[in-house]
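I have a structure here, written as C-alpha coordinates, and I will follow up with some questions on it.
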Amino acid sequence: MKFDVAIVGSGLAGLSVALHLAQQRKVVVISKRALRDGASDWAQGGIAAVLDSHDSHDQHVHDTLVAGAGLCDETATRFIVERGREAIEWLIAQGVPFTRDDEAELGFHLTREGGHSQRRIIHAADATGHAVQVTLEQQVRQHPNITLLEHHMAIDLVTSDKLGIRNGAPHCFGLYVQDVDSHDVLTIAADQTVLATGGAGKVYLYTTNPDTATGDGIAMAWRAGCRVSNMEFIQFHPTCLYHPYAKSFLITEAVRGEGGVLKLPASAGAAAGQRFMPAHDERAELAPRDVVARAIDFEMKKRGLDYVDLDISHKPADFLKSHFPTIHARCLELGIDITKQPIPIVPATHYTCGGIVTDLQGRTDIQGLYAVGETAYTGLHGANRLASNSLLECVVLGRAAAMDIEAQPKAKTVSLPAWDESRVTDADEEVVITQNWDELRRAMWSFVGIVRTTKRLERAQHRIALLKEEINEYYANFRITRDLLELRNLVEVASLIVSSALSRRESRGLHYSLDYPDTLPKALPTVLSPVRKMPPRR
(Lines give C-alpha, C1' and ligand atoms only; values in the text may rest on other atoms or scores of the structure.)
Protein backbone atom coordinates (compact mmCIF):
# COMPACT_ATOMS: atom_id res chain seq x y z
CA MET A 1 0.00 0.00 0.00
CA LYS A 2 1.36 3.43 -0.95
CA PHE A 3 0.39 6.79 0.59
CA ASP A 4 1.87 10.26 0.69
CA VAL A 5 1.70 10.28 4.51
CA ALA A 6 1.18 7.44 7.01
CA ILE A 7 0.01 8.53 10.48
CA VAL A 8 0.28 6.01 13.31
CA GLY A 9 -2.19 6.93 16.04
CA SER A 10 -5.67 8.45 16.03
CA GLY A 11 -5.68 10.80 19.01
CA LEU A 12 -5.81 14.58 18.81
CA ALA A 13 -2.23 14.85 17.48
CA GLY A 14 -2.71 12.29 14.70
CA LEU A 15 -6.13 13.54 13.58
CA SER A 16 -4.89 17.15 13.60
CA VAL A 17 -2.04 16.22 11.24
CA ALA A 18 -4.42 14.24 9.01
CA LEU A 19 -6.99 17.04 8.66
CA HIS A 20 -4.35 19.69 7.95
CA LEU A 21 -2.76 17.52 5.23
CA ALA A 22 -5.77 15.92 3.60
CA GLN A 23 -6.47 18.75 1.15
CA GLN A 24 -3.06 18.23 -0.45
CA ARG A 25 -2.00 14.67 0.38
CA LYS A 26 -3.27 11.09 0.36
CA VAL A 27 -3.19 10.12 4.02
CA VAL A 28 -3.64 6.87 5.94
CA VAL A 29 -4.45 6.89 9.67
CA ILE A 30 -3.49 3.65 11.42
CA SER A 31 -5.23 2.89 14.73
CA LYS A 32 -4.60 -0.34 16.62
CA ARG A 33 -8.15 -0.26 17.96
CA ALA A 34 -11.09 2.00 17.10
CA LEU A 35 -10.30 5.65 16.35
CA ARG A 36 -11.49 6.88 19.74
CA ASP A 37 -9.82 4.22 21.89
CA GLY A 38 -6.82 6.35 22.85
CA ALA A 39 -5.95 8.73 25.69
CA SER A 40 -7.25 11.88 23.95
CA ASP A 41 -10.82 10.66 24.26
CA TRP A 42 -10.33 10.21 28.02
CA ALA A 43 -9.02 13.76 28.64
CA GLN A 44 -11.38 15.50 31.05
CA GLY A 45 -9.91 18.87 32.03
CA GLY A 46 -9.40 20.90 28.87
CA ILE A 47 -6.89 22.82 26.78
CA ALA A 48 -4.70 25.61 28.17
CA ALA A 49 -4.46 28.77 26.06
CA VAL A 50 -4.33 32.54 26.56
CA LEU A 51 -7.90 33.58 25.71
CA ASP A 52 -8.54 36.44 28.14
CA SER A 53 -7.13 39.99 28.29
CA HIS A 54 -6.24 39.52 31.98
CA ASP A 55 -3.89 36.73 30.92
CA SER A 56 -0.73 36.89 28.81
CA HIS A 57 1.68 34.68 26.92
CA ASP A 58 4.40 35.63 29.39
CA GLN A 59 2.27 34.41 32.32
CA HIS A 60 1.45 31.11 30.58
CA VAL A 61 5.14 30.60 29.69
CA HIS A 62 6.16 31.43 33.27
CA ASP A 63 3.65 28.96 34.75
CA THR A 64 4.89 26.25 32.37
CA LEU A 65 8.55 26.87 33.24
CA VAL A 66 7.83 26.80 36.98
CA ALA A 67 5.90 23.51 36.71
CA GLY A 68 8.68 22.08 34.52
CA ALA A 69 11.20 22.62 37.35
CA GLY A 70 13.68 24.53 35.20
CA LEU A 71 13.91 21.87 32.50
CA CYS A 72 11.47 23.23 29.89
CA ASP A 73 12.89 24.52 26.64
CA GLU A 74 11.81 28.17 26.74
CA THR A 75 11.89 28.58 22.95
CA ALA A 76 9.62 25.56 22.46
CA THR A 77 7.34 26.67 25.28
CA ARG A 78 6.90 30.15 23.82
CA PHE A 79 6.38 28.74 20.31
CA ILE A 80 3.51 26.55 21.52
CA VAL A 81 1.95 29.06 23.93
CA GLU A 82 1.92 31.88 21.37
CA ARG A 83 -0.02 29.67 18.93
CA GLY A 84 -2.59 28.66 21.54
CA ARG A 85 -5.43 30.96 20.51
CA GLU A 86 -5.01 30.01 16.85
CA ALA A 87 -5.22 26.32 17.83
CA ILE A 88 -8.42 26.86 19.84
CA GLU A 89 -10.01 28.87 17.04
CA TRP A 90 -9.24 26.03 14.62
CA LEU A 91 -10.96 23.54 16.94
CA ILE A 92 -13.97 25.85 17.30
CA ALA A 93 -14.13 26.11 13.51
CA GLN A 94 -14.20 22.32 13.31
CA GLY A 95 -17.28 22.40 15.55
CA VAL A 96 -15.93 21.39 18.97
CA PRO A 97 -18.71 22.23 21.49
CA PHE A 98 -16.74 23.96 24.24
CA THR A 99 -18.72 25.05 27.32
CA ARG A 100 -20.21 28.50 26.74
CA ASP A 101 -20.08 31.55 29.00
CA ASP A 102 -21.73 34.61 27.49
CA GLU A 103 -19.99 36.92 29.97
CA ALA A 104 -16.50 35.75 28.96
CA GLU A 105 -14.51 37.67 26.33
CA LEU A 106 -14.40 34.80 23.85
CA GLY A 107 -17.83 33.52 24.86
CA PHE A 108 -16.53 30.32 26.42
CA HIS A 109 -16.06 29.30 30.07
CA LEU A 110 -12.47 29.15 31.29
CA THR A 111 -11.47 27.16 34.35
CA ARG A 112 -8.25 27.02 36.35
CA GLU A 113 -6.08 24.04 37.23
CA GLY A 114 -3.06 23.38 39.45
CA GLY A 115 0.04 25.37 38.50
CA HIS A 116 -1.89 27.98 36.47
CA SER A 117 -1.94 31.59 37.70
CA GLN A 118 -5.02 32.42 35.61
CA ARG A 119 -8.22 30.86 34.37
CA ARG A 120 -7.12 29.75 30.90
CA ILE A 121 -8.48 26.21 30.48
CA ILE A 122 -11.15 26.04 27.78
CA HIS A 123 -13.21 22.88 28.15
CA ALA A 124 -16.33 20.95 27.19
CA ALA A 125 -17.78 20.32 30.67
CA ASP A 126 -15.57 17.54 32.12
CA ALA A 127 -15.24 15.52 28.92
CA THR A 128 -13.17 17.80 26.68
CA GLY A 129 -11.15 15.07 25.01
CA HIS A 130 -14.29 13.14 24.07
CA ALA A 131 -15.91 16.25 22.58
CA VAL A 132 -12.81 17.02 20.53
CA GLN A 133 -12.32 13.44 19.35
CA VAL A 134 -15.97 12.98 18.31
CA THR A 135 -15.83 16.20 16.31
CA LEU A 136 -12.55 15.46 14.52
CA GLU A 137 -13.49 11.83 13.93
CA GLN A 138 -16.57 12.96 12.00
CA GLN A 139 -14.37 15.18 9.82
CA VAL A 140 -11.81 12.44 9.22
CA ARG A 141 -14.36 9.77 8.33
CA GLN A 142 -15.95 12.03 5.73
CA HIS A 143 -12.73 13.11 4.01
CA PRO A 144 -12.07 11.39 0.64
CA ASN A 145 -8.28 11.76 0.93
CA ILE A 146 -8.06 9.97 4.30
CA THR A 147 -7.93 6.16 4.51
CA LEU A 148 -8.61 4.64 7.92
CA LEU A 149 -7.03 1.39 9.04
CA GLU A 150 -8.67 0.65 12.38
CA HIS A 151 -7.65 -2.45 14.34
CA HIS A 152 -4.23 -2.40 12.70
CA MET A 153 -1.09 -2.58 14.84
CA ALA A 154 2.18 -0.95 13.76
CA ILE A 155 5.08 -3.41 14.03
CA ASP A 156 8.23 -1.54 12.99
CA LEU A 157 9.47 1.23 10.73
CA VAL A 158 11.17 0.48 7.43
CA THR A 159 14.34 2.57 7.29
CA SER A 160 17.35 2.92 5.02
CA ASP A 161 19.44 1.09 7.63
CA LYS A 162 17.09 -1.91 7.49
CA LEU A 163 17.21 -1.89 3.70
CA GLY A 164 21.02 -1.68 3.68
CA ILE A 165 21.04 1.77 2.01
CA ARG A 166 24.28 3.31 3.24
CA ASN A 167 24.56 6.59 1.36
CA GLY A 168 23.35 9.70 3.17
CA ALA A 169 21.44 10.25 6.39
CA PRO A 170 19.02 7.58 7.69
CA HIS A 171 15.58 7.76 6.07
CA CYS A 172 12.16 6.27 6.83
CA PHE A 173 10.22 4.80 3.91
CA GLY A 174 7.14 3.48 5.71
CA LEU A 175 6.30 0.67 8.09
CA TYR A 176 4.92 -2.83 8.62
CA VAL A 177 1.40 -3.09 10.06
CA GLN A 178 -0.58 -6.12 11.22
CA ASP A 179 -4.32 -6.49 10.72
CA VAL A 180 -5.33 -7.46 14.26
CA ASP A 181 -8.33 -9.50 13.09
CA SER A 182 -6.86 -11.46 10.16
CA HIS A 183 -3.22 -11.36 11.42
CA ASP A 184 -2.09 -10.44 7.89
CA VAL A 185 0.91 -8.09 7.76
CA LEU A 186 0.75 -5.14 5.37
CA THR A 187 3.71 -3.23 3.98
CA ILE A 188 2.86 0.48 3.86
CA ALA A 189 5.12 2.78 1.88
CA ALA A 190 4.91 6.52 2.60
CA ASP A 191 6.88 9.63 1.70
CA GLN A 192 6.50 10.74 5.33
CA THR A 193 5.54 8.76 8.42
CA VAL A 194 4.12 10.43 11.54
CA LEU A 195 4.22 8.75 14.95
CA ALA A 196 1.32 9.97 17.12
CA THR A 197 0.92 6.90 19.32
CA GLY A 198 0.61 8.59 22.73
CA GLY A 199 2.32 7.63 25.95
CA ALA A 200 3.34 4.54 27.87
CA GLY A 201 1.18 4.46 31.01
CA LYS A 202 0.52 0.72 30.72
CA VAL A 203 4.15 0.06 31.67
CA TYR A 204 2.92 0.60 35.25
CA LEU A 205 0.47 -1.48 37.24
CA TYR A 206 -1.88 1.43 38.02
CA THR A 207 -2.59 4.05 35.39
CA THR A 208 -5.24 6.49 34.24
CA ASN A 209 -4.37 5.59 30.64
CA PRO A 210 -6.38 3.39 28.28
CA ASP A 211 -5.07 -0.04 27.26
CA THR A 212 -3.63 1.46 24.07
CA ALA A 213 -0.90 3.43 25.94
CA THR A 214 1.94 0.95 25.43
CA GLY A 215 4.72 3.25 24.19
CA ASP A 216 4.60 1.92 20.63
CA GLY A 217 5.93 5.01 18.86
CA ILE A 218 8.77 5.58 21.33
CA ALA A 219 9.89 1.95 21.09
CA MET A 220 9.68 1.85 17.27
CA ALA A 221 11.61 5.11 16.90
CA TRP A 222 14.30 3.94 19.36
CA ARG A 223 14.74 0.66 17.47
CA ALA A 224 14.97 2.64 14.22
CA GLY A 225 17.76 4.85 15.58
CA CYS A 226 16.10 7.97 17.06
CA ARG A 227 17.20 9.62 20.28
CA VAL A 228 14.79 9.80 23.20
CA SER A 229 14.87 12.29 26.06
CA ASN A 230 13.64 12.73 29.65
CA MET A 231 12.01 9.32 29.95
CA GLU A 232 12.50 9.36 33.74
CA PHE A 233 9.79 12.02 34.07
CA ILE A 234 6.60 9.99 34.34
CA GLN A 235 3.72 12.05 35.68
CA PHE A 236 1.54 10.41 38.28
CA HIS A 237 -1.90 11.99 38.34
CA PRO A 238 -2.73 12.64 41.99
CA THR A 239 -6.41 11.77 41.76
CA CYS A 240 -7.51 8.51 40.20
CA LEU A 241 -10.76 7.04 41.57
CA TYR A 242 -10.10 4.28 44.10
CA HIS A 243 -12.79 1.64 43.61
CA PRO A 244 -12.60 -2.11 42.87
CA TYR A 245 -14.98 -1.80 39.90
CA ALA A 246 -13.62 1.39 38.36
CA LYS A 247 -10.71 0.82 36.00
CA SER A 248 -8.47 3.83 35.38
CA PHE A 249 -11.17 6.45 36.03
CA LEU A 250 -9.57 9.88 36.36
CA ILE A 251 -10.87 12.66 38.61
CA THR A 252 -9.91 15.79 36.70
CA GLU A 253 -7.58 18.41 38.15
CA ALA A 254 -10.38 20.92 37.62
CA VAL A 255 -12.15 19.47 40.69
CA ARG A 256 -9.31 20.89 42.80
CA GLY A 257 -9.27 24.01 40.64
CA GLU A 258 -12.91 24.63 41.54
CA GLY A 259 -12.38 24.19 45.27
CA GLY A 260 -11.96 20.47 45.98
CA VAL A 261 -9.78 19.72 49.02
CA LEU A 262 -7.76 16.64 49.96
CA LYS A 263 -8.51 15.07 53.34
CA LEU A 264 -7.55 12.02 55.35
CA PRO A 265 -10.21 9.27 55.16
CA ALA A 266 -12.13 7.59 57.98
CA SER A 267 -9.44 4.87 58.18
CA ALA A 268 -6.98 7.53 59.44
CA GLY A 269 -8.62 7.31 62.86
CA ALA A 270 -8.43 10.47 64.96
CA ALA A 271 -7.02 12.41 61.98
CA ALA A 272 -10.00 11.51 59.75
CA GLY A 273 -11.33 14.49 57.82
CA GLN A 274 -8.13 16.49 58.30
CA ARG A 275 -6.95 18.52 55.30
CA PHE A 276 -3.25 17.83 54.68
CA MET A 277 -2.05 19.69 51.56
CA PRO A 278 -1.33 23.06 53.30
CA ALA A 279 1.29 21.25 55.40
CA HIS A 280 3.10 20.11 52.24
CA ASP A 281 2.97 23.23 50.02
CA GLU A 282 1.75 26.80 50.38
CA ARG A 283 -0.25 26.39 47.15
CA ALA A 284 -2.11 23.51 48.82
CA GLU A 285 -4.42 21.66 46.38
CA LEU A 286 -3.38 23.99 43.53
CA ALA A 287 0.27 22.91 43.67
CA PRO A 288 1.63 21.14 40.54
CA ARG A 289 0.82 17.47 40.13
CA ASP A 290 4.18 16.12 41.22
CA VAL A 291 3.93 17.95 44.55
CA VAL A 292 0.37 16.77 45.15
CA ALA A 293 1.14 13.17 44.14
CA ARG A 294 4.16 12.99 46.48
CA ALA A 295 2.11 14.48 49.33
CA ILE A 296 -0.61 11.86 48.89
CA ASP A 297 2.00 9.09 48.60
CA PHE A 298 3.64 10.35 51.82
CA GLU A 299 0.37 10.43 53.78
CA MET A 300 -0.68 6.98 52.53
CA LYS A 301 2.66 5.37 53.44
CA LYS A 302 2.96 7.21 56.75
CA ARG A 303 -0.50 6.15 57.93
CA GLY A 304 -0.87 2.83 56.08
CA LEU A 305 -3.79 4.09 53.99
CA ASP A 306 -5.18 2.55 50.79
CA TYR A 307 -6.48 5.94 49.60
CA VAL A 308 -7.25 9.52 50.62
CA ASP A 309 -10.38 11.62 50.09
CA LEU A 310 -11.03 14.43 47.61
CA ASP A 311 -13.94 16.49 48.90
CA ILE A 312 -15.91 19.04 46.88
CA SER A 313 -19.29 18.34 48.50
CA HIS A 314 -19.30 21.84 50.03
CA LYS A 315 -20.06 23.31 46.57
CA PRO A 316 -23.69 23.60 45.40
CA ALA A 317 -25.09 20.39 43.93
CA ASP A 318 -26.27 22.11 40.73
CA PHE A 319 -22.78 23.53 40.19
CA LEU A 320 -21.19 20.08 40.51
CA LYS A 321 -23.71 18.41 38.21
CA SER A 322 -23.23 21.05 35.49
CA HIS A 323 -19.43 21.34 35.73
CA PHE A 324 -18.62 17.67 36.33
CA PRO A 325 -21.48 15.66 34.81
CA THR A 326 -19.30 12.70 33.77
CA ILE A 327 -17.62 12.39 37.16
CA HIS A 328 -20.92 12.86 39.00
CA ALA A 329 -22.66 10.18 36.92
CA ARG A 330 -19.83 7.65 37.09
CA CYS A 331 -19.35 8.05 40.84
CA LEU A 332 -23.11 7.78 41.38
CA GLU A 333 -23.10 4.48 39.49
CA LEU A 334 -20.55 3.24 42.03
CA GLY A 335 -22.52 4.48 45.04
CA ILE A 336 -20.59 7.73 45.58
CA ASP A 337 -22.62 10.96 45.56
CA ILE A 338 -20.01 13.71 45.13
CA THR A 339 -22.57 16.35 46.16
CA LYS A 340 -22.76 14.77 49.61
CA GLN A 341 -19.57 12.80 50.24
CA PRO A 342 -15.85 12.79 49.37
CA ILE A 343 -14.32 10.82 46.50
CA PRO A 344 -11.74 8.14 47.41
CA ILE A 345 -8.62 8.63 45.27
CA VAL A 346 -5.07 7.34 44.72
CA PRO A 347 -2.21 8.54 42.48
CA ALA A 348 -1.75 6.66 39.19
CA THR A 349 0.57 6.86 36.20
CA HIS A 350 -0.80 9.50 33.88
CA TYR A 351 1.56 11.15 31.38
CA THR A 352 4.91 10.47 29.70
CA CYS A 353 6.76 13.81 29.73
CA GLY A 354 9.70 12.52 27.72
CA GLY A 355 9.74 10.84 24.33
CA ILE A 356 11.22 10.92 20.84
CA VAL A 357 13.45 13.97 20.35
CA THR A 358 11.92 16.33 17.76
CA ASP A 359 12.26 19.91 16.62
CA LEU A 360 9.36 22.38 16.48
CA GLN A 361 8.15 20.94 13.18
CA GLY A 362 7.93 17.43 14.62
CA ARG A 363 11.01 16.21 12.73
CA THR A 364 13.00 13.37 14.31
CA ASP A 365 16.60 12.21 13.75
CA ILE A 366 15.45 10.18 10.72
CA GLN A 367 14.46 11.92 7.50
CA GLY A 368 10.82 11.36 6.56
CA LEU A 369 9.89 10.47 10.15
CA TYR A 370 7.91 12.84 12.39
CA ALA A 371 6.57 12.52 15.93
CA VAL A 372 3.83 14.60 17.57
CA GLY A 373 1.87 14.57 20.82
CA GLU A 374 2.72 12.58 23.93
CA THR A 375 5.07 10.26 22.06
CA ALA A 376 7.36 13.20 21.24
CA TYR A 377 9.75 15.29 23.31
CA THR A 378 9.71 18.95 22.25
CA GLY A 379 10.97 20.43 25.51
CA LEU A 380 7.57 21.87 26.50
CA HIS A 381 6.93 19.70 29.55
CA GLY A 382 10.36 19.69 31.17
CA ALA A 383 10.49 17.75 34.44
CA ASN A 384 6.71 18.01 34.95
CA ARG A 385 3.84 18.76 32.57
CA LEU A 386 1.64 21.73 33.43
CA ALA A 387 -2.01 20.68 33.41
CA SER A 388 -3.83 20.92 30.04
CA ASN A 389 -0.71 21.89 28.07
CA SER A 390 -0.62 18.47 26.40
CA LEU A 391 -3.70 18.83 24.20
CA LEU A 392 -2.46 22.28 23.20
CA GLU A 393 0.85 20.75 22.11
CA CYS A 394 -1.02 18.15 20.03
CA VAL A 395 -2.86 20.78 17.98
CA VAL A 396 0.00 23.28 17.63
CA LEU A 397 2.68 20.73 16.70
CA GLY A 398 0.20 18.76 14.59
CA ARG A 399 -0.28 21.83 12.41
CA ALA A 400 3.46 22.64 12.40
CA ALA A 401 4.34 19.10 11.30
CA ALA A 402 1.69 19.18 8.57
CA MET A 403 3.03 22.48 7.22
CA ASP A 404 6.58 21.09 7.13
CA ILE A 405 5.40 17.94 5.34
CA GLU A 406 3.55 20.02 2.75
CA ALA A 407 6.79 21.89 2.04
CA GLN A 408 8.79 18.71 1.34
CA PRO A 409 9.58 17.72 -2.26
CA LYS A 410 8.20 14.47 -3.63
CA ALA A 411 10.22 11.56 -2.25
CA LYS A 412 11.93 8.97 -4.42
CA THR A 413 9.97 5.71 -4.55
CA VAL A 414 11.73 2.75 -2.95
CA SER A 415 10.56 -0.84 -3.27
CA LEU A 416 9.91 -2.26 0.19
CA PRO A 417 10.26 -5.97 0.97
CA ALA A 418 7.24 -7.93 2.21
CA TRP A 419 7.06 -9.14 5.81
CA ASP A 420 8.87 -12.47 6.20
CA GLU A 421 7.30 -15.15 8.43
CA SER A 422 9.08 -18.10 6.88
CA ARG A 423 11.18 -18.87 9.98
CA VAL A 424 8.56 -18.58 12.74
CA THR A 425 5.77 -20.81 14.04
CA ASP A 426 2.59 -20.34 16.05
CA ALA A 427 3.19 -19.74 19.75
CA ASP A 428 2.96 -22.83 21.92
CA GLU A 429 1.99 -21.06 25.17
CA GLU A 430 0.38 -17.60 25.28
CA VAL A 431 0.71 -17.63 29.10
CA VAL A 432 4.33 -16.48 28.67
CA ILE A 433 3.08 -13.11 27.39
CA THR A 434 0.57 -12.72 30.22
CA GLN A 435 3.12 -13.62 32.88
CA ASN A 436 5.82 -11.30 31.53
CA TRP A 437 3.35 -8.44 31.10
CA ASP A 438 2.27 -8.73 34.75
CA GLU A 439 5.82 -9.11 36.06
CA LEU A 440 7.04 -6.05 34.12
CA ARG A 441 4.26 -3.75 35.33
CA ARG A 442 4.59 -4.85 38.96
CA ALA A 443 8.37 -4.33 38.89
CA MET A 444 7.93 -0.82 37.48
CA TRP A 445 5.29 0.06 40.08
CA SER A 446 7.35 -1.28 42.99
CA PHE A 447 10.80 -0.03 41.99
CA VAL A 448 10.32 2.94 39.61
CA GLY A 449 7.38 4.78 41.21
CA ILE A 450 6.72 8.21 42.71
CA VAL A 451 9.70 7.97 45.12
CA ARG A 452 12.85 6.17 43.90
CA THR A 453 16.18 4.88 45.16
CA THR A 454 19.26 3.73 43.26
CA LYS A 455 18.93 0.23 44.71
CA ARG A 456 15.31 -0.07 43.56
CA LEU A 457 16.20 1.21 40.09
CA GLU A 458 19.05 -1.30 39.79
CA ARG A 459 16.69 -4.11 40.80
CA ALA A 460 14.24 -2.98 38.14
CA GLN A 461 17.03 -2.77 35.54
CA HIS A 462 18.13 -6.34 36.28
CA ARG A 463 14.59 -7.75 36.03
CA ILE A 464 13.80 -5.77 32.88
CA ALA A 465 16.98 -7.02 31.17
CA LEU A 466 15.95 -10.64 31.83
CA LEU A 467 12.39 -9.98 30.62
CA LYS A 468 13.64 -8.18 27.53
CA GLU A 469 15.86 -11.12 26.58
CA GLU A 470 12.99 -13.57 27.04
CA ILE A 471 10.48 -11.42 25.12
CA ASN A 472 12.86 -10.82 22.21
CA GLU A 473 13.55 -14.55 21.96
CA TYR A 474 9.80 -15.20 21.92
CA TYR A 475 9.35 -12.50 19.22
CA ALA A 476 12.08 -14.06 17.07
CA ASN A 477 10.56 -17.54 17.12
CA PHE A 478 6.78 -17.12 17.05
CA ARG A 479 4.18 -15.36 14.91
CA ILE A 480 3.27 -11.95 16.19
CA THR A 481 0.09 -10.89 17.94
CA ARG A 482 -0.98 -7.49 19.22
CA ASP A 483 -0.30 -8.57 22.82
CA LEU A 484 3.22 -9.66 21.94
CA LEU A 485 3.95 -6.44 20.01
CA GLU A 486 2.67 -4.29 22.89
CA LEU A 487 4.71 -6.26 25.44
CA ARG A 488 7.83 -5.93 23.26
CA ASN A 489 7.31 -2.16 23.12
CA LEU A 490 6.58 -1.86 26.84
CA VAL A 491 9.73 -3.66 27.90
CA GLU A 492 11.75 -1.40 25.59
CA VAL A 493 10.18 1.72 27.11
CA ALA A 494 10.63 0.38 30.66
CA SER A 495 14.33 -0.07 29.96
CA LEU A 496 14.56 3.54 28.70
CA ILE A 497 12.75 4.89 31.78
CA VAL A 498 15.08 3.07 34.18
CA SER A 499 18.24 4.00 32.26
CA SER A 500 17.19 7.65 32.27
CA ALA A 501 16.31 7.56 35.99
CA LEU A 502 19.67 6.01 36.92
CA SER A 503 21.57 8.67 34.98
CA ARG A 504 19.86 11.59 36.80
CA ARG A 505 21.72 12.16 40.07
CA GLU A 506 19.38 14.72 41.55
CA SER A 507 15.70 15.15 42.40
CA ARG A 508 13.80 17.36 39.99
CA GLY A 509 10.12 17.59 39.12
CA LEU A 510 8.62 14.14 38.71
CA HIS A 511 11.88 12.33 39.43
CA TYR A 512 12.41 12.14 43.19
CA SER A 513 15.33 10.09 44.53
CA LEU A 514 15.95 9.45 48.22
CA ASP A 515 19.65 8.98 47.38
CA TYR A 516 19.89 12.34 45.59
CA PRO A 517 17.27 14.58 47.27
CA ASP A 518 18.87 17.88 46.20
CA THR A 519 18.38 19.67 42.90
CA LEU A 520 21.50 20.46 40.88
CA PRO A 521 22.12 24.14 40.04
CA LYS A 522 22.04 23.51 36.29
CA ALA A 523 19.07 21.77 34.63
CA LEU A 524 19.97 19.44 31.78
CA PRO A 525 17.76 17.01 29.83
CA THR A 526 18.55 13.31 29.80
CA VAL A 527 19.19 12.31 26.19
CA LEU A 528 19.70 8.65 25.25
CA SER A 529 21.16 7.72 21.86
CA PRO A 530 20.76 4.24 20.36
CA VAL A 531 23.58 2.41 18.64
CA ARG A 532 22.88 2.58 14.91
CA LYS A 533 22.63 -0.98 13.61
CA MET A 534 23.48 -1.59 9.97
CA PRO A 535 22.82 -4.91 8.24
CA PRO A 536 25.97 -6.79 7.13
CA ARG A 537 27.29 -6.21 3.61
CA ARG A 538 26.14 -8.86 1.16
Note to self: More than 12 heavy atoms of other residues, nucleotides or ligands under 6.0 Å from CZ of F79: yes or no?
What the structure shows: yes
Test side-chain hydrogen bond (donor to acceptor under 3.5 Å, both in side chains), reference H511, set R452, E506, E232, output is R452
The reported gap from CZ in R120 to CG in L110 (rounded to nearest 0.5 angstrom) is 10.0 Å
Separation between CG (L467) and OG (S495), nearest 0.5 Å, reads 11.0 Å
Task: Over 12 non-hydrogen atoms of neighbours within 6.0 angstrom of CD in E74 - done: no
Donor-acceptor pair, H116 side chain versus Q118 backbone, under 3.5 Å?
no
### Worked check of side chain to side chain contact (heavy atoms under 4.5 Å, CB included) between F236 and L510
CA-CA 8 Å; F236 288 77; L510 299 166; 6.0 Å; no
Check whether any side-chain N or O of T352 sits under 3.5 Å from a backbone N or O of A200 as a donor-acceptor pair, and report yes or no.
yes
| Would you say the side chain of P97 lies within less than 4.5 Å of the side chain of T135, judging by non-hydrogen atoms? | yes
Please tell me if the side chains of Y370 and T358 come closer than 4.5 Å, counting only heavy atoms from C-beta onward. no
Quick one, H237 with R289, criterion side chain to side chain contact (heavy atoms under 4.5 Å, CB included). Give me CA distance, side-chain angles, the key distance, then yes/no. CA-CA 6 Å; H237 197 288; R289 291 176 177 178; 3.8 Å; yes
When rounded to the nearest 0.5 Å, the distance separating CG of D4 from NZ of K26 is 8.5 Å
* Within a strict 4.5 Å, meaning less than it, do heavy atoms of the L106 and R85 side chains meet? -> yes
Check your understanding: Between Q408 and D404, does a side chain to side chain donor-acceptor pair (under 3.5 Å) hold up when you go through it step by step?
Key -> CA-CA 7 Å; Q408 299 302 316; D404 191 77; 3.1 Å; yes
**Message:** Counting C-beta onward and ignoring hydrogens, is there a side-chain heavy-atom pair between V8 and K32 closer than 4.5 Å?
**Reply:** no
Hey, are R488 and D156 close enough for a salt bridge, meaning a charged N less than 4.0 Å from a carboxylate O?
-> yes
Handout entry: Check: D290/Q235 side-chain N/O donor and acceptor closer than 3.5 Å
Key = no
Within the side chain of T212, is there an N or O that forms a donor-acceptor pair under 3.5 Å with the backbone of D37? yes
Consider only side-chain N and O atoms of T239 and R256, and report whether a donor and an acceptor are under 3.5 Å apart. no
Rounded to the nearest 0.5 angstrom, the CG-CD1 distance for L21 and I405 is 5.0 Å
Residue pair H123, T128: steps toward the side chain to side chain donor-acceptor pair (under 3.5 Å) verdict: CA-CA 5 Å; H123 60 102; T128 306; 5.1 Å; no
Note to self: Are the side chains of F3 and I188 in contact, using a 4.5 Å heavy-atom criterion?
What the structure shows: yes
**Prompt:** For R505, does the CZ atom sit with more than 12 other heavy atoms under 6.0 Å from it, leaving out its own atoms?
**Reply:** no
Would you find a donor on one side and an acceptor on the other, under 3.5 Å apart, between the side chain of N489 and the backbone of A219? no
Between the CG atom in L65 and the CG atom in L380, the distance rounded to the nearest 0.5 Å is 9.5 Å
**Asked** If only atom types and distance count, is the side chain of R283 paired as donor or acceptor with the main-chain N or O of G114 below 3.5 Å?
**Response** no
Review point. Stepwise, does the side chain to side chain contact (heavy atoms under 4.5 Å, CB included) test hold for H143 with V27?
Key: CA-CA 10 Å; H143 206 291; V27 177; over 6 Å; no
Side-chain donor/acceptor of R227 to backbone N/O of D365, under 3.5 Å: no
Can a donor-acceptor pair be found, under 3.5 Å and without considering hydrogens, that links the side chain of R441 to the backbone of L205? yes
Working for side chain to side chain donor-acceptor pair (under 3.5 Å), residues H381 and E393: CA-CA 10 Å; H381 303 306; E393 183 185 39; 2.9 Å; yes
I'd like to know whether V493 forms a side chain to side chain contact (heavy atoms under 4.5 Å, CB included) with W222, so could you lay out the CA-CA distance, the side-chain angles of the two residues, the decisive distance to 0.1 Å, and finally the verdict.
CA-CA 9 Å; V493 170; W222 173 259; over 6 Å; no
(message) Run the side chain to side chain donor-acceptor pair (under 3.5 Å) test on D126 and T252 for me, step by step, so that the C-alpha distance in whole Å, both residues' side-chain angles and the decisive distance to 0.1 Å come before the verdict.
(response) CA-CA 7 Å; D126 62 346; T252 174; over 6 Å; no
Requested in this report: Would you indicate whether the side-chain heavy atoms of L369 and I356 approach each other to under 4.5 Å?
Outcome: no
Checklist entry - Is the shortest heavy-atom distance from the side chain of E374 to the side chain of Y351 under 4.5 Å? => result yes
SG of C172 to NZ of K162, rounded to nearest 0.5 Å, is 9.5 Å
Query raised in the report: Backbone N or O of V451 within a donor-acceptor pair of the R294 side chain at under 3.5 Å?
Result: no
message = Checking the side chain of N230 only, and the main-chain atoms of F233 only, is there a donor and an acceptor separated by less than 3.5 Å?
response = no
>> Quick check on the 6.0 Å ring-centre criterion: do F298 and H280 meet it?
In response: yes
* **D211 side chain reached by R33 side chain, heavy atoms, under 4.5 Å** => yes
### Query
Is there a donor-acceptor pair closer than 3.5 Å between any side-chain N or O of T375 and the backbone N or O of T197?
no
